[in-house]
Amino acid sequence: MLEQVLAYLNNWFVRYTYTGNVTVSADGAVLAPSEAAAILQPGRWYRILGSDFHDGVYQVPEKQSEKEEPEEEVEEPEEEEQSETFSCTLWALGVPAGLMNIVTEMEAWQAKYGDVVSGPYQSESFGGYSYSKAGASSSSGGTATVWTQFADALAPYKRPPMARAVSVSGQSHRDAPYRRPFNTDFKE
């Protein structure tokens with residue numbers, strides 16, 4: 001759900017970027033090169049862009065302590081089948097702890113109410129009794145979703161979308177890639 005939240009916020013909290021050839025295992029673990037692996041510390045979240053099979057957000061696993069005994073080895077397919085080498089961009093993410101707490105709360109809310117919210121019925125009536133699902137606010141009139149429930153909590157982390165180009169001097173308003181809303185006071 002973290003990837004969905006970051007996309008919704010239009011804020012990936014990018015701390016470091018690496019562009020170049022990378023080898024990634026089937027579970028998203030970066031195997032090479034050392035420059036890319038150096039920015040990915042244990043526990044850090046990162047995003048892969050430009051892969052055929054591994055685009056997404058992953059977390060670098062915490063290192064196992066030396067005292068732990070290795071699990072029984074299970075035969076796995078050859079590494080060539082599991083890994084992919086490609087030219088891509090890696091973003092090392094610095095997601096704030098407060099946002100991670102909100103994401104955890106969102107996942108819990110989704111697990112508890114997700115089936116009810118995504119159900120096919122918005123209202124029901126029988127035997128003189130009726131009910132309707134309430135909206136997140138009286139003005140929305142829609143069904144409460146995880147996004148409407150946590151919109152206020154996510155608002156401080158949200159970045160505005162990229163601004164569209166506006167007309168530059170010497171350019172007609174008709175030629176501008178973006179037109180402002182209709183204004184009755186406008187004179188050509």
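In what follows, residues are counted from 1 in the order of the sequence shown.
- Summarising the geometry of Pro160 relative to Asn10, their closest heavy-atom pair is O-ND2, 3.1 Å, with the distance given to 0.1 Å.
- Note that OH of Tyr58 and CG of Leu2 are 13.0 Å apart. Values are rounded to the nearest 0.5 Å.
- Side-chain N or O atoms of Asp55 include one that pairs as donor or acceptor with a backbone N or O of Gly50 at under 3.5 Å.
- Considering every non-hydrogen atom in both Trp12 and Glu3, the closest pair reads CH2-O, 3.8 Å.
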Show me, pair by pair, the donor-acceptor contacts under 3.5 angstrom made by side chains of residues 100-108, not counting sequence neighbours?
unit_1 : atom_1 : unit_2 : atom_2 : d
Asn101 : ND2    : Ala97  : O      : 3.4
Thr104 : OG1    : Met100 : O      : 2.9

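- Using a distance-only test at 3.5 Å, with no hydrogens or angles considered, a donor-acceptor pair links the side chain of Asn11 to the main chain of Tyr157.
- Judged as a side chain to side chain contact (heavy atoms under 4.5 Å, CB included), and not counting sequence neighbours, Pro156 has no contacts.
- The heavy-atom pair separating Ala92 from Leu40 by the smallest distance is CB-CD2, 4.1 Å.
- For the side chain to side chain contact (heavy atoms under 4.5 Å, CB included) criterion with Thr17, the lone passing option out of Thr89, Leu49, Leu90 is Thr89.
- With rounding to the nearest 0.5 angstrom, the CZ atom of Arg15 is 8.0 Å from the CZ atom of Arg44.
- Ring orientation note: the planes of His54 and Phe86 are close to parallel, at an angle under 30° on the 30°/60° scale.
- A ring-centre distance under 6.0 Å is found for Trp147 and Tyr8.
- Considering only residues two or more places apart in sequence or on other chains, Tyr16 meets the ring pair (Phe, Tyr, Trp, His ring centres under 6.0 Å) condition with none of them.
- Tracing side-chain contacts under 4.5 Å through hydrophobic residues (I, L, V, M, F, W, Y), one never reaches Phe53 starting from Trp91; they form parts of separate clusters.
- Heavy atoms of other residues, nucleotides or ligands lying less than 6.0 angstrom from CG of Asp152 number 12 at most.
- Under the 3.5 Å distance criterion, the side-chain polar atoms of Arg159 are left unmatched by any main-chain donor or acceptor of Leu9.
- Of the possible polar contacts, none joining the Gln59 side chain to the Trp45 backbone as a donor-acceptor pair under 3.5 Å is found.
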